[in-house]
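In what follows, chains are A, B, ... by sequence order, proteins preceding strands, each numbered from 1.
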Protein chains: 2
Amino acid sequence: MSKKKKTTISDIAKELNVTPSTVSRALGDHPKISDSTKEAVLDMVEKLNYQPNNIASALRKGKSNIIGVIVPTSDRQFFASIIRGIEEIIREEGYHLMICQSDDQFDKEKSGIDTLLNVRVDGIIASVAKETTDISHYKKIKKQGVPLVLYDRVIDSFDVNHVVSDDFLGAYNAVTHLIEQGCTRIAHFAGKQHIKIYQDRLQGYIKALREHSIPVDDELIIESDLIQDTYSILRTGRELGSSLLQIPEMPDGIFSSSDFAAMGAIQVFKEKNIKIPDKVALVGYSNDFSASVIEPALTSLDQHTIKMGNCAARLFLEQMNSKEGTFTSKRKLIVPELIVRKSSQKKQEPIKA
Amino acid sequence: MSKKKKTTISDIAKELNVTPSTVSRALGDHPKISDSTKEAVLDMVEKLNYQPNNIASALRKGKSNIIGVIVPTSDRQFFASIIRGIEEIIREEGYHLMICQSDDQFDKEKSGIDTLLNVRVDGIIASVAKETTDISHYKKIKKQGVPLVLYDRVIDSFDVNHVVSDDFLGAYNAVTHLIEQGCTRIAHFAGKQHIKIYQDRLQGYIKALREHSIPVDDELIIESDLIQDTYSILRTGRELGSSLLQIPEMPDGIFSSSDFAAMGAIQVFKEKNIKIPDKVALVGYSNDFSASVIEPALTSLDQHTIKMGNCAARLFLEQMNSKEGTFTSKRKLIVPELIVRKSSQKKQEPIKA
DNA sequence: ATTGTGAATGCAATCGTTTGCATTGGCATA
DNA sequence: TATGCCAATGCAAACGATTGCATTCACAAT
């Protein structure tokens, strides 16, 4: 329990009658150190139970080997997978993760970034909080010369590395699928339009309709806050579903920007005995596990989040290893995959359960 | 993009014709520094865009203000919530989190702990990997005098702070509930018995049976690996469900140590047209979101994971702030809550959807 | 014997903050 | 005028590891 005085590199040096430099080099496997001393050092490391002090090393080297991640919230599957994806890649390069949650709040995001900067992380990988409009704190990162990669919720008009899901394409494919299944009047549960991903999904929806000469009916586009806790969105979905029942000509398809909203609607429809997908077909977004479990199982878009995390990490490494000024920021698109399930399967047999 | 030379405390000092000490104290709001200098310093901080160097500070103070967390995997709801719970508490005290995933592998767990020790975290909060049997790396933490708190998957016979869910009670309540609903032959989907939480759940199950003079039938206790990815457990659940259909006298109740396994069984039963809960009632464990969505909705035990995280964090702070040697390790129990839904509701109306 | 060479290690400054122990100057008290 | 005291600040040594630039020593070549 008591704070032992930790053994340092000099303790080892003293014991071996060499200087700290030698020990340091031995530990770093420096070519000019004889094998015999290297062995001796390693032995002593064991004997004295030496634990390297990364802090001292980081101070001297100006490199912490930590990379910071900002997530809106760690308890959504989506972001949890991203973290995993990032970690998979960077751990191989000897980096470690420091995670800050913004809870989608501007203040927490800002202070999180400050913290990361204070511990001198070697880079930051972030997704922007839904509240955030002022982006001076992100500019600060760039100004300090710290590599920055944004993922998913990015900032247009800000020249940094991006990795985003191709939301436009995802939406387009989803709606096209509904049309192919015979839907002619398709509603859209949209997210708040100041957030890019929801804009793109709406645009993808519109394009698919236009391409099949289906008129875009504003009445069928319902915007609501789809960034909340899961149960709240489910409730929102129920309300949206109910409201659709009120309008004169009920739509025969729904493309929802959130799985949970779609599931809320499914629940309502089932209670009212409205047949899915015959009377109304649904497609959600994100391919949450529960989408495979609800009945009928919900067709959804898998965003390949782990791959997205991988990609963000690689982008960071690339920027990190490029010599000064060489690097120009890139934008990577991850293509989402439509997982067709019963909720939209009017014609053939379901492919996946 | 170029690495700007960051401004330091001495830059500020030089600019103001004082010494670094004064600036340091001013920033620390030291009482002996005049208000005027404090103001001047703050102004200069703005002007020069000073960013404190936590690394240097940590080195000097021997305190990083970072606390390390080991999670088996960040992409399970359970652990994500724990992280949230921890963060809620410690952020108020100025601490930050560094998260390592063990992926339930011994090696990664070990190297994760090493990393945390290397960056000189002020404490470690961990849940033990399912693979782990050798615990020397945990002993090392303690030996180095770093506060350690274990949560959920703990190590018996190792004297450190614990916070665990009361699995015994949870299981006991679940099974008692099934009995009250009229079940007389109750199966148990058990997890691997070298893990404490699964032992406890099995014991709770047994106790409830005994108390109601129901014989414990080994045939009805099926052990399998319940720590895998979600879809795999679902599949396992399907197999378990199918296997129960084979035995002569089908059970009329199932208590599953995993929500996902229970859901797999539900799917099979529905396919075979076996009525739930009339023919067989089910209770899961963990209260995953999907439990509320499957039909019939699955009764489950909510483990109050956020509270659990809160508790772990508080335990850490307590130990941190206790003077040397004063602290004796504690064990906190979080009481799980039975959320009754249709899957087990033979008698009354469901309380929650 | 002199010089050269290379392998193995030592020296000392440095990274940016913090902090115990002075020091300074001004003002009040005796 | 001398003394004491306090408020405000300075000095310099840490914290532990790294690294450019010597230095040392042994041995080979001339």
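- Looking at heavy-atom distances under 4.0 Å, B:V18 makes contact with sugar-phosphate atoms alone, never a base.
- In the model, B:D134 has a side-chain atom that pairs as donor or acceptor with a side-chain atom of B:S136 under 3.5 Å.
- In this structure, B:I12 atom CD1 and C:dG16 atom P are separated by 13 Å, rounded to whole Å.
- Of the residues listed (A:H162, A:E318, A:Q319), the one engaging A:K330 in a side chain to side chain donor-acceptor pair (under 3.5 Å) is A:E318, and it is the only one.
- When the P atom of C:dG16 is taken as reference, atom CG of A:N118 falls 14 Å away, rounded to whole Å.
- The nearest heavy atom of DNA chain D to B:N17 and to B:R120 marks one nucleotide each, and the one closer to the 5' end goes with B:N17.
- Taking atom CG of residue A:L59 and atom P of nucleotide C:dA13, one finds them 17 Å apart after rounding to whole Å.
- Taking CD1 from A:I12 and CG from A:L16, the interatomic distance works out to 8.0 Å, rounded to the nearest 0.5 Å.
- Across all strands, A:S21 comes closer than 4.0 Å to base atoms (heavy-atom distances).
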Report the C-alpha separation of A:C311 and A:K307 in whole Å, then their side-chain angles, then the decisive distance to 0.1 Å, and conclude whether the side chain to side chain contact (heavy atoms under 4.5 Å, CB included) test is met. CA-CA 6 Å; A:C311 186; A:K307 200 180 292 180; 5.8 Å; no

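- A nucleotide of DNA chain D counts as in contact with chain A when one of its atoms lies under 4.0 Å from a heavy atom; the first and last such, 5' to 3', are D:dG16 to D:dC21.
- With a 4.5 Å cut-off on side-chain heavy atoms, B:D11 and B:M44 do not count as touching.
- A straight line from CD1 of B:I9 to P of C:dT14 spans 19 Å, rounded to a whole angstrom.
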Side chain to side chain contact (heavy atoms under 4.5 Å, CB included) between B:N53 and A:N118, worked out: CA-CA 5 Å; B:N53 186 328; A:N118 286 359; over 6 Å; no

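- Protein atom NZ of B:K14 is 12 Å distant from nucleotide atom C1' of C:dG16, rounded to whole Å.
- Looking at heavy atoms from C-beta onward, A:K6 lies in side-chain contact with B:Q144 at the 4.5 angstrom threshold.
- In terms of polar N and O atoms assigned as donor or acceptor, the side chain of B:R60 never comes within less than 3.5 Å of the base of C:dG20 in a complementary pairing.
- Contacts of A:R84 classified as salt bridge (Lys or Arg N to Asp or Glu O under 4.0 Å), with partners at least two apart in sequence or in another chain: B:D75, B:D103.
- Straight-line distance from the CG atom of A:D29 to the P atom of C:dA8: 13 Å, rounded to whole Å.
- Rounded to whole angstrom, the span from the NZ atom of A:K63 across to the P atom of C:dT14 amounts to 24 Å.
- Look at CG on B:D11: it is 11 Å from P on C:dC15, rounded to the nearest Å.
- Remark: the backbone N or O of B:R153 is not paired with any side-chain donor or acceptor of B:K196 at under 3.5 angstrom.
- End-to-end axis angle of the helix from C:dA1-D:dT30 to C:dA30-D:dT1, from C1' rotation axes over five pairs per end: 70° (rounded to 10 degrees).
- Across the interface with DNA chain D, nearest-nucleotide mapping of B:K61 and B:S34 shows B:S34 to be the residue nearer the 5′ end.
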